[in-house]
Amino acid sequence: MPENLPEHFYHFDQEKLFCFSCHPGVACFTECCRQLDLALTPYDVLRLKNSLKIHSDRFLEQYVIIEWDERVVFPQCYLTMVDDGRASCVFVSPDGCTVYPDRPSACRAYPVGRGARQEKYGCVDECFVLVKEPHCLGFVEKATQTPGEYFIGQGLAEYNRLNDALTAILHHEQIRKGYRPNRSQLDQYLLALYNLDIFRQEMADGRITMNRPLRPDELQGLAGDDEKLLLLGMAWLQQELFDNDCR
Ligand code: SF4
Ligand code: SF4
């Protein structure tokens, strides 16, 4: 087993082909939707709350467990699992995923894992792992693809674009140098990235502000475009975390 990776995880070259296919005919159908820690990105929450047509506040209350671990810089959001003896995902059914068109990034990418890090000049450096867990029978299927081809097939381009935008905060130079946000800034992190409907209301009402005029795309975010609002949330958070002289 390669060093520094959990069991069943293998470093993987993005140009390399792998055999894999997942479909309702596999004997293990939905096995991977149980007993898992499913971390949600802000864009995952945006898609899921819109899929369910509910307010972000209610989505967080009903479907998200927020983990505060002092060893991790920012709080982690996990999807709730059901207490059915198998710790099944709250969205799994005998027919598969009930939110399939809006399923989270990690579900789309599985069995490939992708790490992204923002390098100089805004470039994103990617690395991949292949997760070969014994319960997953998709590897005996004949279809072959590279991770990039697999991601296109799983509709990950938009997810990766918005997830990668977050690396400007997660891997910010000040964070890398050891700066740690305080509790009130961590609450701002959850507000601007995960509770978009409340963030929109607070900004529209002037209770929180940018220290510069909003750009036209940001105004579209306030007017109803959630993806543009998420990018505005990231810009506001950068201002609050990294541009404040009081730190
Ligand atoms: S969201 Fe859908 S694909 Fe992901 S674990 Fe739950 S049921 Fe499975
Ligand atoms: S365990 Fe693997 S093959 Fe089976 S449903 Fe999940 S991803 Fe597909």
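In this text, all values refer to a predicted model and were calculated from it rather than measured experimentally. Position 1 is the first residue of the sequence, and the numbers go up from there. Every number for a ligand or one of its atoms is a count from 1 in the order of the listing.
Applying the 4.0 Å criterion to heavy atoms of Phe29 picks out, from ligand 2, the atoms 5 (S). Heavy-atom contacts of Thr30 reach the following atoms of ligand 2: 5 (S) (cutoff under 4.0 Å). Short contacts between ligand 2 and Tyr110, defined as distances under 4.0 Å to a heavy atom of the residue, involve ligand atoms 7 (S). Listed by atom number, the atoms of ligand 1 under 4.0 Å from Phe91 heavy atoms are 7 (S). Per-residue contacts place His135 under 4.0 angstrom from the following atoms of ligand 2 (heavy atoms of the residue considered): 1 (S). The contact set between ligand 2 and Gly138, taken as ligand atoms under 4.0 Å from a residue heavy atom, comprises 3 (S). Atoms of ligand 1 found under 4.0 Å from any heavy atom of Val92, numbered from 1 in the order shown, are 7 (S). Within ligand 1, counting atoms from 1 as listed, the ones closer than 4.0 Å to a heavy atom of Cys89 are 1 (S), 5 (S), 6 (Fe), 7 (S).
Counting only distance, with no hydrogens or angles, the side chain of Asp44 and the backbone of Thr41 share a donor-acceptor pair below 3.5 Å. The main-chain N or O of Asp164 is found under 3.5 Å from a side-chain atom of Thr167 such that the two form a donor-acceptor pair. Looking at Arg200, its side chain does come within 3.5 Å of a backbone N or O of Gly221 through a donor-acceptor pair.
The distance from atom 4 (Fe) of ligand 1 to the nearest N/O/S atom of Cys107 is under 2.8 Å. Within the 2.8 Å limit, Cys136 places at least one N, O or S atom next to atom 2 (Fe) of ligand 2. Within the coordination shell of atom 4 (Fe) of ligand 2, defined by N, O or S atoms under 2.8 Å, Cys28 is present.
Between Phe59 and Tyr194, the distance from one ring center to the other does not fall under 6.0 angstrom.
When hydrophobic clusters are built by joining Ile, Leu, Val, Met, Phe, Trp and Tyr residues whose side-chain heavy atoms come closer than 4.5 Å, directly or via intermediates, Val82 is grouped together with Leu38.
Using a 4.0 Å cut-off between a side-chain N of Lys or Arg and a carboxylate O of Asp or Glu, Glu61 and Arg58 do not qualify as a salt bridge.
Side-chain contact annotation: Gln174 with Arg180, donor-acceptor N/O pair under 3.5 Å absent. Side chain to side chain, Asn50 and Asp226 meet the donor-acceptor criterion of an N or O pair below 3.5 Å.
Here the heavy atom of the protein found nearest to atom 2 (Fe) of ligand 1 is Cys97 SG, 2.4 Å. Among protein heavy atoms, atom 6 (Fe) of ligand 2 sits closest to Cys32 SG, 2.3 Å.
In the candidate list Gly96, Pro104, Ser93, Cys33, Cys33 is nearest to atom 8 (Fe) of ligand 1, counting heavy atoms.
Side-chain contact between Thr146 and Gln14: absent, with no pair of heavy atoms (C-beta onward) separated by less than 4.5 Å.
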